[in-house]
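Here's the structure, in structure tokens; my notes come after.
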Amino acid sequence: MSVEKASPYNVDEVRDDFPVLNRTVDGEKLVYLDNAATSQKPQSVIDAVSEFYEEYNANVHRGLHTLSQEASEAYENAHDRVAEFIGADGRENVVFTSNTTEGVNAVAFGWGMHHVDEGDNIVLTQMEHHSSLVPWQQVAQANDAELRFLKVDEGVVEEGEVEEKIDEDTAAVSVVHMSNVFGTVTPVKDIIDRAHEHGARVLVDGAQSVPHMPVDVGEMNADFFVTSGHKMCGPTGSGVLYGKTEAFHETQPYQYGGEMIKLVEYEEATWTDLPWRFEAGTPNIAQGIGLAAAVDYLEDLGMEKIHEHEREVTRHALEMMEDDDEVTVYGPSSDHENRGGVISFNVSDAHAHDTSELLSDEGVATRSGHHCAQPLMREMGVPATTRASFYLYNTYEEAEALVEGIETVKEVFA
Amino acid sequence: MSVEKASPYNVDEVRDDFPVLNRTVDGEKLVYLDNAATSQKPQSVIDAVSEFYEEYNANVHRGLHTLSQEASEAYENAHDRVAEFIGADGRENVVFTSNTTEGVNAVAFGWGMHHVDEGDNIVLTQMEHHSSLVPWQQVAQANDAELRFLKVDEGVVEEGEVEEKIDEDTAAVSVVHMSNVFGTVTPVKDIIDRAHEHGARVLVDGAQSVPHMPVDVGEMNADFFVTSGHKMCGPTGSGVLYGKTEAFHETQPYQYGGEMIKLVEYEEATWTDLPWRFEAGTPNIAQGIGLAAAVDYLEDLGMEKIHEHEREVTRHALEMMEDDDEVTVYGPSSDHENRGGVISFNVSDAHAHDTSELLSDEGVATRSGHHCAQPLMREMGVPATTRASFYLYNTYEEAEALVEGIETVKEVFA
Amino acid sequence: MSRDMYRQRILDHYRDPQNYGTIDDPDVTYEDVNPSCGDEIQMYAVVDENDEIQDVKFDGQGCAISQASASLLTEEVKGMTLDEVRQLETDDIKEMLGIELSPVRVKCAVLGLKVLEGGIVEYEKEN
Amino acid sequence: MSRDMYRQRILDHYRDPQNYGTIDDPDVTYEDVNPSCGDEIQMYAVVDENDEIQDVKFDGQGCAISQASASLLTEEVKGMTLDEVRQLETDDIKEMLGIELSPVRVKCAVLGLKVLEGGIVEYEKEN
Ligand SMILES: Cc1ncc(COP(=O)(O)O)c(C=O)c1O
Ligand SMILES: Cc1ncc(COP(=O)(O)O)c(C=O)c1O
């Protein structure tokens, strides 16, 4: 067993970096397994934010005074840091947002509304998060376009769907990179190649991938890519919208105002350079700087190692859960190679909310509901699932605590 | 002199609450007079943010586990706190944004695009910030509406303009509450009454008012009101969009995705209740909680007192500057009753940027440029001004440091 | 401990809800979801000439708390007048359940009542 | 100390810029603004058959650094070939100015060069 429970880094030391992990909940040690919703933050990120406020808080871009110059440099360099981390060419391809949702809206409204025409189709998967589904519904409705969905089975895009659904009328493709319901990874490379053959642009929703595995948007050849900083050890209010230069040049701003303009007259205005054109108003400055600190933290540990660690801890939990007849696990089985650190399940005839509530009693934090994927849940024929999602600091013991917690649920609903 | 330099609270004690104010810049004590761009943050706000991350960081609204319940409660209560502070009926009228700009865009695109028709006019002042001008340009261009500007003279809306420009074809009015260039206060009450007589809705840009004076949106009877948390002691990435319930019911969401939906199917979706309908995706949670702490801080001091203190310190600076032939001050003179803590000026033939740069050498942080009001600058016939903007922690001595700094500028450009 | 919430009585009503099903041609009918969790409830009621509830049923899906509350509610309101139902408040539901609830779960508990009252509002508008 | 930036030479060029004005019917002309501060510069140049700059003028408005740099630049480029001008870099401008600059002010300093090079790109496209 001890060999099995190995980790590529010292998890106990890592846990010491995250102050909240010392918390108790109703007398029980906190077991935080709600990482797909938002991750915890290491002290270095918390400190980067506080230091900004305590030492050089100022507005950016325009200031000639010292604080503003320091703040601008830190904020602009944070774009370089993120660009490097995700494999973007440079800062002009990296826009800071509040979250993934804002990035998808910026693409749907800034690009989609102007490039998806009547009779075109937009291809998504059946397991999109509401954030990458609902904005495209708006585009389809406004421009009389068709929405098409790649069928998924247990979180895996079905054979032949890509070839069948993406065709010469496809204008846009928007696909989740790693499912927040199943932890499965979409074959984005194949999808992008196919879409590009037909002249379509592709947005990849990397909310769950970037925090958990090495990602290179350049190699993937995505046109647009979005992710959430707050799910990858960064502050709330941090997120990223990546765009290829040529894709960004096709994109209208989604927000208008200060900082994104070049020349303004009373009747009209022109826009400044990339990426600032897409960041209107005072940006989330401390959050962008905090995100860069999060990237430093992740790179220090190493994304490959993080991925490996999570996969092993998840597999440990999955194997135990698969052995239990009263537990239904959704998604591919524990030996599937493409399985990230997310487990969606239900326990006997307990409703998912009751399961989460009872698990919380044991200190185990999970999430229950439709996971912002209502149509998928209907497709799966369940009203809700409980989701345990792991991160770099979760341990084998915590996986076991989850399984023990499930025993309590079974007892109550026996 | 000492009577003149009185303050309604102990400024030295207040300054101790703001860690950055202890900073030196190139060996000089920092004199931070760039508050209209963004304010400094008291320790209580910095701590509220850190505490969130260290003790109960979690995603909000949906979680059944303890951390999520704590986070949800704090985040939702922050809406109540802000509602009370600005005189809104309740949390359903208060949407958290990243900044003022996002709020204006939400109104222009969510309400304006759907309610301003061909041939209608939209009335603004000549001194709007780009953030409340450029979004309305988009509406006017898309819907073939006319933009009309209330003329201003030295920051004051000219006599008769309101009656002349707002008429039966006016669909929307969007006016700055306190000018970020002159510190003057717009007669919003008159404007709103006139607009309502003609069935128009009014958006008030309170980016500079809420931080500096008591504001009651209910009494004012504004339909929409926006402000920036980061200019009122709150974190970057915090802002507020207020809407009357009936105005919000006329408003389409501006961002689509998780958290703002009620029922989602593959082809269409419906929206959840106010205010969450207008907060798509994971919100700026720590920032909203930090904003509530900022409101606590401001109310403890008292908005009336803050306003009074700033007015006196500003008057002190203004009186000295008005006596100097080589200094041109824009806006009404020091004895004008409606003058907030903003001074726009130029020194002899020095360009504003050079003035700011030289002031920064003396530790005095000011801002120079068009202050996101390019058309106004053209109207005023100057390419740029230097702006000193005061806040609750600035002292009479700092006003004097500004004036001394100006002496250096005069020497260099003698 | 939320475990205390799951008393036998609650679990019984969850597993075997009273008045579960539909009514053909009801006087009052309405449905709603709890957007924060997706629980769905539909209510049906038959009302007599004195505005008294003669029969009431519900269906839908959701957690033990929302289902048990709806079940208990239908038992309670049979024979009440519409006005009396409209007087019911969150505290009454808590009393019916007899357990402590966190703010999130209160929303589950009152969903049934919210739906029934929504239906009554519609009914009174039409009559 | 940024005060060191404001050497007499810089101030002289600011107050009394060389080659300030316009050229009627120029071969090369272009204008741009520095979006972060609003400084504006327009450049005009006359080019001979060897692609050598015969005459060059600028106008616009802005801070001492942007105006002095443009003034110094026009002195420097007279007689240079277009190719030579396109070889010029930020460091060359810094050298002409002979002062230390913070990153924000570097943008002011290179505005004139950016505009002239923009004009050359347009000119070469058309010829
Ligand atoms: C009057 C006014 N309106 C709008 C804004 C824009 O605020 P923000 O940058 O927070 O969006 C500002 C601040 O720069 C302002 O002073
Ligand atoms: C796959 C996926 N897409 C999008 C989102 C939305 O992210 P955010 O809430 O940061 O906008 C999430 C997270 O909830 C997600 O898991």
Side-chain angles (χ1 to χ4, degrees), chain A residues 19-20 25 34 37-38 40-41 46 49-50 53-55 57 59 62-67 98-102 105 129-131 134-135 137-138 147 149 230 235-237 255-258 261 264-269 280-282 284-287 353 356-357 360 365 367-369 372 374-375, chain B residues 19-20 25 34 37-38 40-41 46 49-50 53-55 57 59 62-67 98-102 105 129-131 134-135 137-138 147 149 230 235-237 255-258 261 264-269 280-282 284-287 353 356-357 360 365 367-369 372 374-375:
Chain A
V20 80
V25 167
D34 192 18
T38 199
Q40 296 303 339
K41 326 299 177 201
I46 302 172
V49 171
S50 300
Y53 293 132
E54 289 170 7
E55 292 172 19
N57 169 71
N59 215 323
R62 292 164 182 285
L64 290 157
H65 60 84
T66 308
L67 263 58
S98 285
N99 52 30
T100 293
T101 303
E102 188 179 341
N105 278 273
H129 189 278
H130 292 160
S131 288
V134 183
Q137 291 179 344
Q138 296 295 313
L147 288 179
F149 296 91
H230 66 88
T236 62
Q255 279 198 37
Y256 299 85
I261 55 84
V264 180
E265 307 195 61
Y266 277 124
E267 306 292 337
E268 59 195 11
T282 302
N284 296 3
I285 306 169
Q287 294 72 38
H353 300 141
S356 264
E357 176 105 35
S360 179
R367 191 143 292 236
S368 280
C372 294
Q374 288 183 1
Chain B
V20 79
V25 167
D34 191 18
T38 199
Q40 297 303 338
K41 326 299 175 200
I46 302 172
V49 171
S50 301
Y53 293 132
E54 289 169 8
E55 291 171 20
N57 169 72
N59 215 324
R62 292 165 181 285
L64 290 159
H65 60 85
T66 307
L67 262 59
S98 286
N99 52 31
T100 293
T101 304
E102 188 179 340
N105 279 273
H129 189 278
H130 292 160
S131 289
V134 182
Q137 291 179 344
Q138 296 297 313
L147 288 178
F149 295 91
H230 66 89
T236 62
Q255 278 198 39
Y256 298 85
I261 55 85
V264 180
E265 307 195 60
Y266 278 124
E267 307 293 337
E268 60 194 13
T282 303
N284 296 2
I285 306 168
Q287 294 72 41
H353 299 143
S356 264
E357 175 105 32
S360 179
R367 192 146 290 239
S368 281
C372 295
Q374 287 183 2

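Chain letters run A, B, ... following the sequence lines, proteins first and then strands; every chain starts at 1. Source: prediction; values computed, not measured. In what follows, every heavy atom counts, from backbone to side chain, and hydrogens, waters and symmetry copies are set aside.
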Turns out that what part of A/Ile261 lies under 4.5 Å from chain B's heavy atoms comes down to side chain
Would you say the side-chain atoms of B/Glu55 pair up with the backbone N or O of A/Val20, donor to acceptor, closer than 3.5 Å? no
Select one option (side chain, backbone, both, neither) describing which atoms of A/Leu67 are under 4.5 Å from chain B's heavy atoms. side chain
Side-chain heavy atoms of B/Gln374 within contact of A/Glu265, under 4.5 Å: no
So for A/Gln138, is it side chain, backbone, both, or neither that comes closer than 4.5 Å to the heavy atoms of chain B? side chain
Treating B/Ser360 as the side-chain partner and A/Thr66 as the backbone partner, does any N or O pair qualify as donor plus acceptor under 3.5 Å? yes
When every non-hydrogen atom of A/Tyr53 is compared with those of B/Gln40, the smallest separation belongs to O-OE1, 4.2 Å
Any side-chain to backbone donor/acceptor pair from A/Ser131 onto B/Gly258? Under 3.5 Å, distance only. yes
Check: A/Glu54 and B/Lys41 side chains under 4.5 Å, non-hydrogen atoms: no
Which portion of B/Phe149 sits near chain A, non-hydrogen atoms under 4.5 angstrom: side chain
Between A/Thr38, A/Asn57, A/Thr101, which has the largest tally of heavy atom pairs under 4.5 Å with chain B? A/Asn57
For A/His353, is it the side chain, the backbone, both, or neither that has a heavy atom closer than 4.5 Å to a heavy atom of chain B? both
Between A/Asn284 and chain B, with a heavy-atom cut-off of 4.5 Å, which part of the residue counts as in contact: side chain, backbone, both or neither? both
Chain B shares the most heavy-atom pairs under 4.5 Å, among A/Ala280, A/Ser356, A/Cys372, with A/Ala280
Given the options A/Val49, A/Asn59, A/Val134, which has more heavy-atom pairs under 4.5 Å with chain B than any of the others? A/Asn59
With a 4.5 Å limit on heavy-atom distance, are the side chains of A/Pro375 and B/Val264 in contact? yes
For chain A, the option from B/Glu102, B/His130, B/His129 that forms the most heavy-atom pairs under 4.5 Å: B/His130
To the nearest 0.5 Å, how far apart are CD1 in B/Ile46 and CD1 in A/Ile46? 14.0 Å
Working to the nearest 0.5 Å, report the span between OG of A/Ser98 and CG of B/Asn99. 8.0 Å
In short, A/Tyr266 meets B/Gln137 closest at the heavy-atom pair O-NE2, 2.9 Å
Sub-4.5 Å side-chain heavy-atom contact between B/Arg367 and A/His65: yes
Would the distance check show the side chain of B/Thr236 and the main-chain N or O of A/Ala286 forming a donor-acceptor pair, the cut-off being under 3.5 Å? yes
Look at B/Gly63, B/Gly369, B/Ser368 and state which one has the largest set of heavy-atom pairs under 4.5 Å with chain A. B/Gly63
Using modelled atom types and a 3.5 Å cut-off, is there a donor and acceptor pairing between side-chain atoms of A/Asn105 and backbone atoms of B/Tyr256? yes
